[in-house]
Amino acid sequence: MGAQKSLTVHLIFFSTCYSLSRFCSKLKHLDLTSCVSITNSSLKGISEGCRHLEYLNLSWCDQITKDGIEALVRGCRGLRALLLRGCTQLEDEALKHIQNYCHELVSLNLQSCSRVTDEGVVQICRGCHRLQALCLSGCGNLTDASLTALALNCPRLQILEAARCSHLTDAGFTLLARNCHDLEKMDLEECILITDSTLIQLSIHCPKLQALSLSHCELITDDGILHLSNSPCGHERLRVLELDNCLLITDVALEHLENCRGLERLELYDCQQVTRAGIKRMRAQLPHVKVHAYFAPVTPPTAVGGSGQRLCRCCVIL
């Protein structure tokens, strides 16, 4: 019964993709997120009839391999946005096919494509010079070679998500900052090797930066925040800053952030040297900022009688 149901689902998706290919030749936007029955054959069918496709979301379609990507991009050469989050079978060769045919690509999401290495990212950068948004979060094999390729080939880059890419260093981000001056959003969570040096380079070369995540970057200090706060992006553009688990950050960093008049949200979970008093002083200067922080109780909370909804004593709405 289980095998019969699986076959039925596969046939439905194949029939759907065949129908799209046959009757929707002008289709430009297609979202197939989590359609786990999508296969390489499905993509071949789409590519043969939907040659005007510009946006395609295949996130978590984990049966897709390089063969499906090759069939897709041979037919859909006008793709501008391709989302491949969680397509865990994809390797560098799939990116080579994208490089060969998708020269109009401006947005590519490879989150959790853990088999991708520097070789694949380098190929993408060499073939897709118009790239503006790239997500590499969870691609744990990447090194500074990927950042170098981005810096030298993709000057229009605006968004880079590289969370959990723990081999990236200051050297790679320095080259990136010096060449990609349009950066607006960066997610560097758990890039554990970066230091204040990266923040200094971003402060100097990336005046458009609006959102920056440095969570779990435990080498970042108050000095790095000082440079960021005193930069053009700090004064004029910065809206979101995430510093969760940055253990060297203190109330001094909050004093520096008072210069960031446009700051809207600040994350400080498990910043153990930040105090309630420090947050209160900063919010006196920036009353519009939403601050998310956690303060463990000195002693375990005791049960409180009565009825009605209550908040945990550990959590504070600031």
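Residue numbers count from 1 along this sequence.
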How far apart are the closest heavy atoms of [X] and [Y], and which atoms are they?
X	Y	value
Leu175	Asn179	O-ND2, 2.8 Å
Cys191	Cys217	O-SG, 3.6 Å
Leu131	Cys154	CB-SG, 4.1 Å
Leu193	Thr169	CD1-CG2, 3.8 Å
Ser197	Thr174	OG-OG1, 4.4 Å
Leu202	Ala177	CD2-CB, 4.0 Å

When you measure from the side chain of [X] to the backbone N and O of [Y], does any donor-acceptor pair fall under 3.5 Å?
X	Y	answer
His227	Gln201	no
Arg239	Arg237	yes
Gln132	Ile159	no
Asp222	Thr250	yes
Asp251	Thr275	yes
Gln63	Val36	yes
Gln273	Leu247	yes
Asn259	Asn230	no
His288	Glu264	no
His167	Leu142	no

Do the side chains of [Y] and [X] get nearer than 4.5 Å, heavy atoms only?
X	Y	answer
Val289	Leu257	no
Asp144	Leu147	yes
Val73	Asn100	no
Leu84	Ile98	yes
Ile46	Leu27	no
Leu83	Tyr55	yes
Trp60	Thr33	yes
Val252	His256	yes

Check whether [X] and [Y] end up in the same hydrophobic cluster, where Ile, Leu, Val, Met, Phe, Trp and Tyr are linked by side-chain heavy atoms less than 4.5 Å apart.
X	Y	value
Val106	Leu183	no
Leu30	Leu43	yes
Leu134	Ile194	yes
Ile220	Ile279	yes
Ile200	Leu241	no

- Message: Before you tell me yes or no, could you show the steps for Glu70 and Lys66 under salt bridge (Lys or Arg N to Asp or Glu O under 4.0 Å), namely the whole-Å CA-CA distance, both residues' side-chain angles and the distance that decides it to 0.1 Å?
- Response: CA-CA 6 Å; Glu70 181 180 13; Lys66 59 181 176 60; over 6 Å; no
Roughly how far, to the nearest 0.5 Å, is the [atom2] atom of [Y] from the [atom1] atom of [X]?
X	Y	atom1	atom2	value
Ser25	Leu53	OG	CG	11.5 Å
Asp270	His216	CG	NE2	7.5 Å
Ile69	Gln89	CD1	CD	11.0 Å
Cys271	Phe295	SG	CZ	9.0 Å
Cys87	Gln111	SG	CD	11.0 Å
Cys125	Leu108	SG	CG	9.5 Å

- Message: For a side-chain contact (heavy atoms from CB on, under 4.5 Å) check, start with the C-alpha distance between Arg261 and Leu286, then their side-chain angles and the critical distance, and finish with the verdict.
- Response: CA-CA 7 Å; Arg261 309 307 297 182; Leu286 303 174; 3.7 Å; yes
- So Met186 and Leu209, side-chain contact (heavy atoms from CB on, under 4.5 Å) or not? Walk me through it. CA-CA 8 Å; Met186 298 184 72; Leu209 196 62; 4.0 Å; yes
- Query: Does a salt bridge link Glu161 with Lys185, judged by any charged N lying under 4.0 Å from a carboxylate O?
  - Reply: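 Yes.
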- Item | Asn245 and Ser215: CA distance, side-chain angles, deciding distance, side-chain contact (heavy atoms from CB on, under 4.5 Å) verdict | CA-CA 6 Å; Asn245 288 278; Ser215 298; 5.9 Å; no
- Among Asp92, Asn141, Thr143, whose side chain to side chain donor-acceptor pair (under 3.5 Å) with Thr117 holds?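 Running side chain to side chain donor-acceptor pair (under 3.5 Å) over Asp92, Asn141, Thr143 with Thr117 returns exactly one hit, Asp92.
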- Stepwise side-chain contact (heavy atoms from CB on, under 4.5 Å) test for Leu243 and Val274: CA-CA 11 Å; Leu243 297 171; Val274 171; over 6 Å; no
- Parallel, tilted or perpendicular for His181 and His205, by the 30°/60° rule?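 Judged by the thresholds at 30° and 60°, the geometry between His181 and His205 is tilted.
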Does a donor on one side chain sit under 3.5 Å from an acceptor on the other, for [X] and [Y]?
X	Y	answer
Ser213	Glu242	yes
Thr65	Asn40	yes
Asn57	Ser59	yes
Thr198	Asp170	yes

- Task: List the steps and the verdict of salt bridge (Lys or Arg N to Asp or Glu O under 4.0 Å) for Glu91 and Arg115.
- Result: CA-CA 5 Å; Glu91 300 173 332; Arg115 300 186 186 185; 3.4 Å; yes
